Amino acid sequence: MFITIEGLDGSGGTTQVERLRAAWAQRAPEREIVCTREPSPGPVGRLLRQALADVTIGEGVLPYLFAADRRDHLDRVVLPALARGAVVISDRYALSSLAYQSLALGMDKVAALNADFPAPDLTIVLDLPPAECLARIEARGGTRERFETLARLSEIGAAYDAAARVATAWGWRIARIDAAGTPDEVAVRVAGAVWPG
Ligand code: TYD
């Protein structure tokens with residue numbers, strides 16, 4: 001079972017990965033649950049994080065780094081865990097590239113770069129208006145990343161709609177969840193998508 005969580009920066013993905021881990025642990029205490037993330041903690045992910053912080057690296061370089069990191073992350077973490085029978089929950093995956101990187105490279109090229117990666121069993125997109133995402137980012141403080149301005153988040157929000165259409169055409173199962181409200185309220189909605197009925 002491979003579940004990916006997606007959404008704009010500030011939409012609460014990292015929190016919901018932890019909530020979903022707890023929900024799985026309660027329902028299936030014997031099951032191994034692997035929570036992971038992209039950019040990955042591995043060597044290509046580390047390079048990618050440096051690139052994201054380096055303004056001399058153009059937007060046109062990033063799509064390739066994200067795709068390389070995804071391949072490495074699949075090979076090191078995701079596929080071995082799935083082969084062991086674990087539940088894998090990833091904070092971001094290829095839908096992030098379709099949304100964020102399509103702005104620099106165009107959807108067709110980003111889709112081509114990502115078309116061969118395995119489809120998750122379920123992709124959850126946390127929907128939150130860009131202004132609310134920015135308010136949450138500001139509330140948590142720290143440094144802002146290059147995608148974290150209102151204009152940028154609005155563009156990426158629209159790109160997520162296009163990305164969801166592309167991934168749906170690939171046969172991906174996508175659930176869009178209203179991410180407004182408390183973490184507990186959103187976690188209930190996420191659980192409703194993972195365990196319908
Ligand atoms: P993020 O999860 O926000 O990392 P952190 O929690 O350490 O800040 O990811 C970093 C940024 O990378 C985020 O703005 C989304 C972006 N991103 C892409 O542009 N494309 C991708 O394929 C992925 C996985 C992330």
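Nothing here was measured: the structure is a model prediction, and the numbers come from that model. Read the numbers this way: they start at 1 and go in the same order the structure lists the ligands and their atoms.
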Of E155, R92, R152, which is the lone residue that meets side-chain hydrogen bond (donor to acceptor under 3.5 Å, both in side chains) with Y100?
->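 Going through the options one by one, the only one that passes is R92.
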
side-chain contact (heavy atoms from CB on, under 4.5 Å), paired with E6, selected from I177, V125, L126, I174 =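 With E6 as partner, side-chain contact (heavy atoms from CB on, under 4.5 Å) holds for just one option, V125.
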
With distance as the sole criterion, is a donor-acceptor pair present between the side chains of S90 and T4 under 3.5 Å?
->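 No donor-acceptor contact under 3.5 Å links the two side chains.
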
Please determine if [X] has a nitrogen or oxygen closer than 3.5 Å to a nitrogen or oxygen of ligand 1.
| X | answer |
| --- | --- |
| Y93 | no |
| D91 | no |
| R37 | yes |
| T14 | no |

Counting only heavy atoms, which portion of E148 has something under 4.0 Å from ligand 1: side chain, backbone, both, or neither?
->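 Under 4.0 Å from ligand 1, E148 contributes no heavy atoms.
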
Any idea which part of R92 is under 4.0 Å from ligand 1, heavy-atom wise: side chain, backbone, both or neither?
->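 Side chain only; the backbone of R92 stays clear of ligand 1.
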
Tell me the salt bridge (Lys or Arg N to Asp or Glu O under 4.0 Å) pairs involving residues 12-28, sequence neighbours left out?
->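 Listed once each, the pairs are E18-R21, R19-D184.
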
Selection residues 106-133 - residue pairs positive for salt bridge (Lys or Arg N to Asp or Glu O under 4.0 Å), sequence neighbours left out =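 Checked against salt bridge (Lys or Arg N to Asp or Glu O under 4.0 Å) - neighbours excluded - the pairs reaching residues 106-133 are D127-R176.
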
Number the atoms of ligand 1 from 1 as they appear, then name those within less than 4.0 Å of a heavy atom of [X], with their elements.
| X | answer |
| --- | --- |
| P39 | 9 (O), 10 (C) |
| R70 | 21 (C), 22 (O), 24 (C) |
| R49 | 4 (O), 5 (P), 7 (O) |

W172 vs Y93 aromatic rings, parallel, tilted or perpendicular, using cut-offs 30° and 60°?
->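 W172 vs Y93 ring planes: parallel.
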
Identify whether the distance between the nearest side-chain nitrogen and carboxylate oxygen of D75 and R71 falls below 4.0 Å.
->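 The answer is yes: the pair qualifies as a salt bridge.
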
Whether D9 lies under 4.0 Å from ligand 1, heavy atom =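 Distance cut 4.0 Å: D9 passes for ligand 1.
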
